[in-house]
Amino acid sequence: HRTEEMDMEQLLVRRGQPFSVVLQCTDHIPRLPDHQLNLILHLGKNNEVVLKVSDSEQDHGKWWFSQRNAQGEVMLTLHSPADAPVGLYSMTVVLLSADGQLLEQTKSQTFYLLFNPWCKDDSVYLPSEELLQEYILNENGILYQGSWDDITTVPWNFGQFEKDVVDICFEVLDNSPAALKNSEMDIANRGSPVYVSRTITAMVNANDDRGVVSGRWDGEYSDGVAPTRWTGSVPILRRWSEGGGQRVRYGQCWVFTGVACTVLRCLGIPTRCITNYSSAHNTDANISVDYLFNDQLENVSEGRKDSIWNYHCWVESWMKRDDLPEGFDGWQVLDPTPLERSDGVFCCGPCPVHAVKEGEVGLKYDTPFVFSEVNADLIFWIVHPDGERIQVSQNSKVIGRNISTKSVYGDFREDITANYKHPEGSMKEREVYKKAGRQVGQKNKDPGQLELFIKHAPAIHGTDFDVIIEVYNSGREDTDAQLTVTSNAITYNSIHRGECQRKTTSLTVQAHKAHEEVLRLQYDHYGACVSEHHMIRVTALLQLTNQDNIILQEINIPLKMPALHIKIIGKAIVSHKLTAHISFTNPLPVSLQGGVFTVEGAGLTEAIEIKTHGKIEPGQAVTVKFSFKPTRAGLRKLLVDFDSDRLRDVKGEATVIVRTKMQNRNVGLH
């Protein structure tokens, strides 16, 4: 049943696949027809649902069992239907006399029944062992961050087979509003991966219910854990469960995604983490993102603003969609980040990826929202003092880029943009836009005489670096213009944390020549307001003198972070002590305080914190060491995060091959 890695205390089996239990008899084996054995299953926290298991396969799609007698024992083989509700079952064997009198019964035994992607008749069936090794069985993953042209990686420990995790996953389902309101109906629906996965996307965020993680994006995390500090799902799920269902503070999109992936893989639904770069968050469902600026290049969008997130993470889960017309099985988008309400609740999906690609925005769930995340047009407006709005530019190519997931073949990126959209500008793409009921924007008019480009030198956190704005004049006449350049510290989801620098220059660009303007970004300016996502946005606005024509360009610059170095001392053997040395050098020109390392790894160690003492001066190296005993064999990853007052989200990882016992000889490969 491929559950041997999971919690050793509990029997865990997958639906649609037989399993056997042995009944030991103290006297003699009861003989038919004098006696008969019955098997009763109870399901639900309070045993609300009772199932009598038939002793023959009469009704297809029902539970049944067969029995074989041996020396003083009876082997009972149970067959579950491939659409049985997942959950915690308790099983009782009853011995009846020929006339139906109860003679004896066993103490009830419990087992968990999970989805079975190895079973052809299960609606989560995925016919590839290679994919299942990754999307069900891999406890380590990579989440992609950064920006579309500078992609960075963060290791994540899903830990779906760690102790207690399966219990907590079902606890999450049991705490959903539907389960608390009518548990019998909820249990009946738990055979459907569509229902279960939609419930999980609502329950991973704590916006409407007794959900797991509370989202926060304003930089104030002192009453909880900063989202960037988490390195895996297990400490979050345990904290939620131990706190009696109290929300865990705080998460952002990749944290919600990591936790949802853990729960769905644990339940047996093949799941992978996705990052969409330049992801549109469209608040008014018009499939365009509107940015409003005044004449001074200050953002004047009011109320709930449309925005483009540098990246946004969600999960895809693999399932059949019997609730939809044919052709929409396979990968489904599920987004647990609380962005917009769906049926009155903060959840999103499952939405078929194929429906997004084909513009079938009428199919459930939440397809218009996901379509907009990967396809919206970006429109810049200038708002004059009298309130008049002028559309400056419309760009249909910047949103939904480099859609990424971890490859099943190793720790590298697979680009899956083609699953979500047809090639930009193709005929097919235009057809899809029309089908989605959206006005196809005019192709961007010929670039005027002037063009604007932004380039930058390597941007290392803690250093000063140059940003170069190039204005190119392709016309035959010299042109006068005014160039305004600003740099802002932003979060990954486009919240401005403060302006770093601003520069306005009047210039004359000669015909067929380029003018370069250099903006030096100094740590003294950006260090005080840079967000925990270490991201600088440079915006350039070029206004032609005596014309209403305005050109706008923007670039997001992720600042390069230092690496943590991890050295493992000793032989990696189950239950034998290993020591890890973790070292870090402060790259900033200022001292750091409150330094803390967080370490965790599925099969290696539970999450622990190691604090540093005193200040870490500029250029100073710090080394900490800690010991642990691996609990499970195989390829394992140790993940480390460093966090302090002025520098956050510094990550490192080490791969360890853990063996079950000492081996003195080399092992040959077969």
Side-chain angles (χ1 to χ4, degrees), residues 1-3 6-19 21 39-53 61-65 78-93 108-119 121-125 136 160-161 163-204 209-212 237 240-241 245 259-260 262-271 317 319 334 350:
H1 286 254
R2 295 170 178 86
T3 55
M6 292 168 100
D7 198 328
M8 299 304 169
E9 309 294 305
Q10 191 71 265
L11 173 63
L12 289 133
V13 292
R14 297 191 185 277
R15 64 187 194 174
Q17 189 174 334
F19 65 97
V21 295
L39 216 150
I40 312 292
L41 296 177
H42 287 89
L43 182 56
K45 256 201 317 204
N46 305 310
N47 293 333
E48 299 92 314
V49 178
V50 184
L51 298 167
K52 182 176 178 293
V53 181
K62 294 268 172 63
W63 283 84
W64 66 282
F65 75 96
L78 280 83
H79 301 259
S80 60
D83 62 353
V86 297
L88 182 64
Y89 286 73
S90 68
M91 164 176 62
T92 311
V93 182
S108 73
Q109 304 282 339
T110 58
F111 65 89
Y112 276 118
L113 189 74
L114 305 176
F115 290 103
N116 191 353
W118 284 270
C119 168
D121 297 327
D122 196 312
S123 47
V124 298
Y125 174 59
I136 292 286
Q160 65 268 32
F161 303 143
K163 190 167 168 33
D164 308 326
V165 169
V166 69
D167 303 297
I168 298 169
C169 291
F170 280 107
E171 197 183 329
V172 171
L173 284 175
D174 290 341
N175 274 280
S176 76
L180 295 172
K181 189 176 170 190
N182 184 339
S183 63
E184 262 183 74
M185 189 181 286
D186 175 65
I187 288 166
N189 285 327
R190 281 194 198 176
S192 157
V194 173
Y195 176 84
V196 169
S197 63
R198 186 162 169 80
T199 303
I200 294 301
T201 73
M203 284 299 294
V204 165
D209 39 45
R210 301 177 62 176
V212 179
L237 289 166
W240 174 81
S241 176
V259 172
T262 295
V263 175
L264 292 162
R265 282 186 185 181
C266 183
L267 297 175
I269 301 175
T271 301
S317 288
M319 66 189 73
L334 293 152

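Every side chain to side chain contact (heavy atoms under 4.5 Å, CB included) that Asp83 has, sequence neighbours left out, goes to Pro81. With sequence neighbours left out, the ring-ring contact (aromatic ring centres under 6.0 Å, His included) criterion links Phe170 to Tyr112. Partners of Ser80 under the side-chain hydrogen bond (donor to acceptor under 3.5 Å, both in side chains) rule, at least two apart in sequence or in another chain, do not exist in this structure. Partners of His42 according to the ring-ring contact (aromatic ring centres under 6.0 Å, His included) rule, which considers only residues two or more places apart in sequence or in another chain, do not exist here. Taking the side chain to side chain contact (heavy atoms under 4.5 Å, CB included) definition, one finds that Lys62 meets it with Asp59, sequence neighbours left out. Residues passing the side-chain hydrogen bond (donor to acceptor under 3.5 Å, both in side chains) test with Asn189: none are found, sequence neighbours excluded. Applying the ring-ring contact (aromatic ring centres under 6.0 Å, His included) criterion to Phe111, with sequence neighbours excluded, gives Phe19, Tyr89. Residues meeting the side-chain hydrogen bond (donor to acceptor under 3.5 Å, both in side chains) test with Tyr125, sequence neighbours left out: none. Partners of Ser183 by side chain to side chain contact (heavy atoms under 4.5 Å, CB included), not counting sequence neighbours, listed by chain and number: Glu48. Not a single side chain to side chain contact (heavy atoms under 4.5 Å, CB included) links Ala188 to another residue, sequence neighbours left out. For Trp64, the ring-ring contact (aromatic ring centres under 6.0 Å, His included) partners are His79, not counting sequence neighbours.
Side chains of Val13 and Thr3 form no contact here, defined as non-hydrogen atoms less than 4.5 Å apart. Looking only at side-chain heavy atoms (C-beta outward), Leu173 and Met203 stay at 4.5 Å or farther from each other. Side-chain contact between Met6 and Cys266 is present, with heavy atoms from C-beta onward closer than 4.5 Å. Considering only heavy atoms from C-beta on, Leu78 comes within 4.5 Å of Met91 through its side chain. A 4.5 Å side-chain heavy-atom check between Arg14 and Pro117 finds at least one atom pair inside the cut-off. Within the 4.5 Å cutoff, no side-chain heavy atoms of His1 are placed close to those of Leu12. For the pair Leu334/Ile200, no side-chain contact is recorded, criterion being any heavy-atom separation below 4.5 Å from C-beta on.
Closest approach of Leu11 and Thr110 over heavy atoms only: CB-O, 4.2 Å. Shortest non-hydrogen contact noted between Asn116 and Asp122 is N-OD2, 2.8 Å. Taking both residues in full, the closest heavy atoms of Ala84 and Leu113 are given as CB-CD2, 3.7 Å, listed atom of the first, atom of the second, then distance. In this structure, Arg265 and Ile136 approach most closely via the heavy-atom pair CB-O, 3.9 Å. Annotation for Ser176 and Thr199: closest pair CB-CG2, 3.6 Å, computed over non-hydrogen atoms.
Distance check, rounded to the nearest 0.5 Å: CG of Leu43 to CD1 of Ile187 gives 4.5 Å. With rounding to the nearest 0.5 Å, the separation of CG in Leu180 from CG in Asn175 is 5.5 Å. Atoms CZ and CZ, from Arg2 and Phe161 in turn, are 11.5 Å apart once rounded to the nearest 0.5 Å. Remark: Lys163 NZ to Ile168 CD1 distance equals 10.0 Å, nearest 0.5 Å. Between atom OG of residue Ser197 and atom CD1 of residue Ile269 there is a gap of 5.5 Å, rounded to the nearest 0.5 Å. Taken from NZ in Lys52 to CG in Leu41, the straight-line distance is 11.0 Å, to the nearest 0.5 Å.
Under the salt bridge (charged side-chain N to carboxylate O under 4.0 Å, His left out) criterion, the residue pairs touching residues 169-181 are Asp174-Arg190, with sequence neighbours excluded.
Thr271 and Ser317 share a side-chain donor-acceptor pair at under 3.5 Å.
Counting only distance, with no hydrogens or angles, the side chain of Arg15 and the backbone of Gly191 share a donor-acceptor pair below 3.5 Å.
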